[in-house]
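Taking it in order: structure first as structure tokens, then the write-up.
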There are 2 protein chains.
Amino acid sequence: MLKNSESNNAEPSNAEPMSDEMLELIAQRFRLLSDPMRLKILHQLQSGEKSVTELVENTGASQPNVSKHLSTLRTHGLVKRRQEGNMAFFSIAAPFIFDVCNTVCDSMKTEWEQRSNLLGS
Amino acid sequence: MLKNSESNNAEPSNAEPMSDEMLELIAQRFRLLSDPMRLKILHQLQSGEKSVTELVENTGASQPNVSKHLSTLRTHGLVKRRQEGNMAFFSIAAPFIFDVCNTVCDSMKTEWEQRSNLLGS
DNA sequence: ATCGAATATAACTGTTAAGTTATTGTGTCA
DNA sequence: TGACACAATAACTTAACAGTTATATTCGAT
């Protein structure tokens with residue numbers, strides 16, 4: 001007995017190999033978007049540059065928490081920082097985020113509609 | 001100073017309110033995509049239905065590990081399962097995944113090109 | 001029935017990271 | 001100068017989760 005699936009399709013027929021490092025980078029990027037508070041901050045920034053204080057007020061999170069998230073987002077290039085006097089203003093640096101979020105939102109909407117169709121028909 | 005812990009948001013000026021539950025759901029979805037091994041599995045499934053054994057072989061992960069990831073992905077509706085005899089075949093149930101991944105990949109490509117332009121010009 | 005292969009699950013471990021409190025640094029204004 | 005507001009950081013706690021080992025279950029073949 002040989003392990004059957006070995007002979008059939010090993011791996012050659014795949015689109016692209018996709019290296020482990022690449023997968024790690026992509027996963028990292030998704031991980032940035034996998035936290036509700038970070039999404040909330042990004043959503044706030046969608047309507048334009050905001051100061052840390054504004055973000056604290058609008059999100060309801062603590063100031064250190066917001067600062068930490070902003071730092072994380074900045075380290076990975078999703079937001080940029082502008083200093084003015086005593087204050088720091090943050091804004092979106094990677095607009096692709098909204099494309100991604102919209103795709104996800106649309107997918108959820110679609111699924112919900114399908115489910116309610118199954119129930120309601 | 002508002003105490004905003006209880007209610008959603010006290011501020012008016014934003015595009016859409018975006019409830020906390022909504023943010024949680026979106027974050028959850030991104031979290032599913034934030035693990036390299038899960039991305040590897042999904043990438044394998046992009047070329048079509050695969051058995052668990054095939055996925056184990058192609059990914060290099062342990063069998064329990066693959067099974068657990070598949071279970072997670074299925075619970076959240078990203079893959080579906082088909083049983084045939086002793087084996088279980090999994091396939092993509094939510095094609096939006098690839099749209100999302102492509103957007104992310106494109107964004108990384110773009111950034112890299114910009115960086116190499118800055119260096120190489 | 002029995003053995004082995006395919007898959008799932010349970011229990012455990014280790015790591016990561018979100019949030020907290022406390023503190024530090026820095027600019028502004030009295 | 002001192003006092004205060006804004007922001008960042010450090011240290012800590014805790015919870016979530018990826019991966020492992022071990023075990024259970026189910027099917028097919030003998």
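To find a chain, count down the sequence lines: A is the first, B the second, and so on, and within it residues start at 1.
The side chain of A:Thr53 places an N or O atom within less than 4.0 Å of a non-bridging phosphate oxygen (OP1 or OP2) of D:dA7. OP1 and OP2 of C:dT16 both lie 4.0 Å or more from every side-chain N or O belonging to A:Arg31. Applying the 4.0 Å criterion to OP1 and OP2 of C:dA17, one finds that A:Arg38 has every side-chain N and O outside that range.
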Check the pair B:Ser67 / B:Gln63 against side chain to side chain donor-acceptor pair (under 3.5 Å), numbers first and verdict last. CA-CA 6 Å; B:Ser67 275; B:Gln63 178 267 315; 3.1 Å; yes

List the steps and the verdict of salt bridge (Lys or Arg N to Asp or Glu O under 4.0 Å) for A:Glu49 and A:Lys80. CA-CA 9 Å; A:Glu49 194 186 54; A:Lys80 56 190 171 200; over 6 Å; no

In sequence, state the C-alpha distance, the side-chain angles, and the governing distance for B:Thr53 and B:Lys50, and then conclude on side chain to side chain donor-acceptor pair (under 3.5 Å). CA-CA 8 Å; B:Thr53 300; B:Lys50 297 268 186 306; over 6 Å; no

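For A:Gln28 and C:dT16, the CD to C1' distance is 13 Å, given to the nearest whole Å. A:Asp20 places its CG atom 11 Å from the P atom of D:dG19, with the value rounded to the nearest Å. Residue B:Met37 contributes atom CE, which lies 18 Å from atom P of D:dC17 at whole-angstrom precision. What separates CG of B:Leu32 from P of D:dA16 is a distance of 16 Å, to the nearest Å. A:Asp35 places its CG atom 15 Å from the C1' atom of D:dC17, with the value rounded to the nearest Å. The nearest whole Å value for the distance from the CD atom in B:Glu24 to the C1' atom in D:dA16 is 12 Å.
Out of C:dA6, D:dT20, D:dA7, the shortest distance to the side chain of B:Met87 is found at C:dA6. When distances run from any side-chain atom of B:Lys68 to the nucleotides C:dG19, C:dT9, D:dG19, the shortest one goes to D:dG19.
Salt bridge annotation for B:Glu111-B:Lys109: absent, with no cationic side-chain nitrogen under 4.0 angstrom from a carboxylate oxygen.
Within residues 69-79 of chain B, the residues having any heavy atom closer than 4.0 Å to DNA chain D are, in order of number, B:His69.
Residue-to-nucleotide proximity on DNA chain C shows that, of B:Val52 and A:Ser62, the 5′-proximal contact is made by B:Val52. Position along DNA chain D of the nearest nucleotide to B:Glu84 versus A:Phe90 favours A:Phe90 as the more 5'-ward residue.
The hydrophobic cluster containing A:Val79 does not contain A:Met87, counting ILVMFWY residues as joined when their side-chain heavy atoms lie under 4.5 angstrom apart, directly or transitively.
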Between the protein and nucleotides 23-26 of chain D, which nitrogen or oxygen pairs are less than 3.5 angstrom apart?
| from | atom 1 | to | atom 2 | distance (Å) |
| --- | --- | --- | --- | --- |
| D:dT26 | O2 | B:Asn86 | OD1 | 3.3 |

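Residue B:Phe89 is out of contact with every strand shown, counting any heavy-atom pair closer than 4.0 Å.
The closest side-chain heavy-atom distance from B:Arg31 to A:Asp35 is not below 4.5 Å.
When all heavy atoms are compared, the tightest approach of A:Ser107 to B:Phe96 is CB-CG, 3.4 Å.
Shown here are the salt bridge (charged side-chain N to carboxylate O under 4.0 Å, His left out) partners of A:Glu113, two or more places apart in sequence or in another chain: there are none.
B:Arg81 places no side-chain N or O within 3.5 Å of a backbone atom of B:Arg74 that could act as its donor or acceptor partner.
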